[in-house]
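Contents: one structure, followed by commentary.
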Amino acid sequence: MFRPADGLYLPKPLTIQQNELFKKEKEEKVFNMYVQSHVFHRFRERLDIFSPTCHNLLFQYAFSRYLKLVQYDNRYLFACLIDDDAPPIGYFTFLIRGDDIVVNTFLPIVGDNTPEGKKFQELLSLGKEEIIYLGMDKLSFFTKVDFEQILKLKQALIDSNIWKMKLALDDLCYDEEDDDKTEEKKIIL
């Protein structure tokens, strides 16, 4: 993975210091970042309300500007954030092999391998297959559904802390011309 050119600097390999990830570590070890191609496909598929440009920015920011590590179920996940103060919209799983971090997939916020998703699935007694069938694994679900019509679902989102993510998505700016159209909205930052 590369840190892109920004007008002042040329592109260079992305590295992360061990003490940036694990705050208690004193060692100055540096990890090289690698991403399996499968991750890009899952990322684009699940963040379906964003434009390709936004996909690139969100992906880049997840590992540079908004780097946040979340511990869950005896493992660590990289949170994918749309803003420094916003809740996660999904998580990246990774492996550490020697001096390398290999990002191997992108989990939707409602996935059973995420803190919010496990609680959400327990509250509604849903499995992975039902989540996928209903389209809950995609962000468009949270922008299209009228949750005031399905109060049990809204309450489950609130109780599992996913509702904060839905509110953050609602706060993103939409093109006003698209508000009157019934077509799917694409968020353009």
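Numbers here are sequence positions counted from 1.
Note that the CZ atom of Phe94 and the CG atom of Leu69 stand 5.0 Å from one another [nearest 0.5 Å]. Residue Ile82 holds its CD1 atom at 13.0 Å from CG of Leu57, rounded to the nearest 0.5 Å.
You'll find the side chain of Leu126 reaches within 4.5 Å of the side chain of Met136, heavy atoms only. Side-chain contact between Thr114 and Tyr72: absent, with no pair of heavy atoms (C-beta onward) separated by less than 4.5 Å. Inter-residue side-chain proximity for Leu139 and Met165 is flagged as met; some heavy-atom pair is nearer than 4.5 Å. Two residues are said to be in side-chain contact when any heavy atoms from C-beta on lie closer than 4.5 Å; Phe142 and Ile49 fail this criterion. Counting heavy atoms from C-beta on, the side chains of Glu116 and Pro88 come closer than 4.5 Å.
Residues passing the ring-ring contact (aromatic ring centres under 6.0 Å, His included) test with Tyr66 are Tyr61, sequence neighbours excluded. For Glu148, the side chain to side chain donor-acceptor pair (under 3.5 Å) partners two or more places apart in sequence, or in a different chain, are Lys154.
Counted by atom type alone, Asn56 and Gln60 present zero donor-acceptor pairs between their side chains at under 3.5 Å.
Side-chain heavy atoms closer than 4.5 Å link hydrophobic residues (I, L, V, M, F, W, Y) into clusters, and following such links, even through other members, never connects Phe63 to Leu95. Cluster membership for Phe40 and Val102, using ILVMFWY side-chain heavy atoms within less than 4.5 angstrom, is not shared.
Remark: of the listed residues His38, His41, Arg42, His38 is the sole one forming a side-chain hydrogen bond (donor to acceptor under 3.5 Å, both in side chains) with Thr105.
Note on Asp99 versus Lys29: salt bridge recorded, some NZ/NE/NH1/NH2 to OD/OE distance being below 4.0 Å.
Of all non-hydrogen atoms in Pro108 and Asp137, the two that sit nearest each other are CB-O, 3.5 Å.
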Applying side-chain contact (heavy atoms from CB on, under 4.5 Å) to Leu58 and Phe43, what does each step give before you reach the verdict? CA-CA 10 Å; Leu58 288 170; Phe43 186 74; 3.9 Å; yes

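Using cut-offs of 30° and 60° for the angle between ring planes, the His55 and Phe50 rings count as perpendicular.
Checked against the 6.0 Å centroid threshold, Phe92 and Phe78 do not count as a close aromatic pair.
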